[in-house]
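Notes to accompany the following structure.
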Amino acid sequence: MSDAALAHEAHEEHPTTTGLNHRKILMWAFLGSECIFFGSLITTYLVYRGKSVVGPYPDEILNIPLTSVSTFVLLMSSLAMVLALAGFERAAGSGADEERKQRELKKGRFWLLMTAVLGTGFLGFQVFEFYEFVHHGLGLTTNLFGTTFYVLTGFHGTHVGVGVIWLVSLLVLSYFGKVKPLDVELGGLYWHFVDIVWIIIFTLIYLIPS
Amino acid sequence: MSTEAAHTDEAHATTGHYVRIAIILTVLTVMEVATYYVDIPFALLIPLLLVLAGMKFGLVVAYYMHLRYDSKLFSGFFFFGLTIEILLLIALMVLFGIRSG
């Protein structure tokens, strides 16, 4: 191991004043700020809800069956993510023999891959939905619904895309022995956050009639 | 709680436990989607959907994000942002509601 890597590892294990890992504190602070970011977009959508003066209107084009399936896909990706973390934690745990650790690591990698695949699937649904909406005449500047809808769901989709890149990076780095359970946990926190934002979006935009 | 202590607690959450949470989340989602097809009075529909979404939100945050087992400081960071946003949402909804009569 290089000196830089050793110094990095020593820094991670250094006791902190709170007794908590600084990277994890930073991630939770970031997620707190993300609540405000997405909340502002959701609020904007709600205050302009039903105020479009030209169509197409939400009731005319929102596809509930399709979005229900994509919601289920994202929910299952959260399950895959938590199983990936469990695999990496068991692989890094003490007590188990080397063969079992390797088996757990393989499981962790498999579920990490599944999370990325399901996330990509969700993005596919979103691209299809946007394509359909544009085909029905709803652009970014068509009306207030189009503007607030595309900005909100577009930013969410971008977050999912970033999450997929993050997960694939973790997967690749794990083959070089550079991924610790904490790295997977931080990626997982981000992924679950993206999931809970969609839980809110699905209810407020798709299910509550305007 | 330290990270190590948190991980000790997490060891109690087994694969079966995570799968059970996923099943509950799926059932709640099915119930949500069902409200779209069943004729429910609007006054009842909104609270019902918000409760169902809140339950899903709570389950993911508590069990999948491990806030139930982790340090209260992490919960503080998260819910501070969430509280500010909910207050902002209520304030703007009231303000825009008054403006539009």
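In what follows, every chain begins at residue 1, and chains take the letters A, B, ... in the order their sequences are listed.
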First locate atom [atom1] of [X], then atom [atom2] of [Y], and finally report the distance between them rounded to the nearest 0.5 Å.
{"X": "A:Ser40", "Y": "B:Leu92", "atom1": "OG", "atom2": "CG", "answer": "8.5 Å"}
{"X": "A:Ile64", "Y": "B:Glu32", "atom1": "CD1", "atom2": "CD", "answer": "11.0 Å"}
{"X": "B:Ile86", "Y": "A:Ile42", "atom1": "CD1", "atom2": "CD1", "answer": "10.5 Å"}
{"X": "A:Ile199", "Y": "B:Thr29", "atom1": "CD1", "atom2": "OG1", "answer": "7.0 Å"}
{"X": "B:Leu89", "Y": "A:Tyr45", "atom1": "CG", "atom2": "OH", "answer": "13.5 Å"}

### Query
Going by residue number, which parts of residues 34-41 of chain B are within reach of chain A, meaning a heavy-atom gap below 4.5 Å?
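Residues in range: B:Tyr36, B:Tyr37.
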Under 4.5 Å from any heavy atom of chain A - which part of [X]:
{"X": "B:Leu49", "answer": "both"}
{"X": "B:Leu82", "answer": "both"}
{"X": "B:Phe79", "answer": "neither"}
{"X": "B:Leu25", "answer": "both"}
{"X": "B:Leu67", "answer": "side chain"}

Please state whether the side chain, the backbone, both or neither of [X] comes within less than 4.5 Å of a heavy atom of chain B.
{"X": "A:Phe202", "result": "side chain"}
{"X": "A:Thr71", "result": "side chain"}
{"X": "A:Phe37", "result": "neither"}
{"X": "A:Thr44", "result": "neither"}
{"X": "A:Met76", "result": "side chain"}
{"X": "A:Ile200", "result": "side chain"}

### Message
Set out, in order, the CA-CA distance, both residues' side-chain angles and the distance that settles side-chain contact (heavy atoms from CB on, under 4.5 Å) for A:Leu85 and B:His66, then state yes or no.
### Response
CA-CA 11 Å; A:Leu85 174 60; B:His66 300 138; 3.5 Å; yes
### Top contributor to chain A interface from B:Phe77, B:Tyr64, B:Phe57 [non-hydrogen pairs under 4.5 Å]
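Highest number of heavy-atom pairs under 4.5 Å: B:Tyr64.
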### Task
Could you tell me whether the side chains of B:Glu85 and A:Thr43 share a donor-acceptor contact shorter than 3.5 Å?
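Per modelled atom types, B:Glu85 and A:Thr43 side chains form a pair under 3.5 Å.
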### Top contributor to chain B contacts, counting heavy-atom pairs under 4.5 Å, from A:Leu46, A:Leu204, A:Val197
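Highest number of heavy-atom pairs under 4.5 Å: A:Leu46.
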### Query
So A:Arg49 and B:Phe96, side-chain contact (heavy atoms from CB on, under 4.5 Å) or not? Walk me through it.
CA-CA 11 Å; A:Arg49 185 190 193 100; B:Phe96 274 73; over 6 Å; no
### Considering all heavy atoms, the nearest A:Ile36-B:Gly81 contact
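Shortest heavy-atom contact: CG1-O, 3.5 Å.
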### Message
So which atom in B:Tyr18 and which in A:Leu79 form the shortest heavy-atom distance, rounded to 0.1 Å?
### Response
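Between these two residues, the closest heavy atoms are O-CD1, 3.5 Å.
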Heavy atoms, side chains only, cut-off 4.5 Å: are [X] and [Y] in contact?
{"X": "A:Trp198", "Y": "B:Lys56", "result": "no"}
{"X": "A:Thr203", "Y": "B:Leu52", "result": "no"}
{"X": "A:Met27", "Y": "B:Phe74", "result": "no"}
{"X": "B:Ile46", "Y": "A:Ile208", "result": "yes"}

### Task
Verify the neighbour count for atom CZ of A:Phe155: are there more than 12 heavy atoms of other residues, nucleotides or ligands below 6.0 Å?
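Incorrect, the count does not exceed 12.
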### Task
Could you tell me whether A:Phe130 atom CZ has more than 12 heavy atoms of other residues or ligands within 6.0 Å of it?
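Yes.
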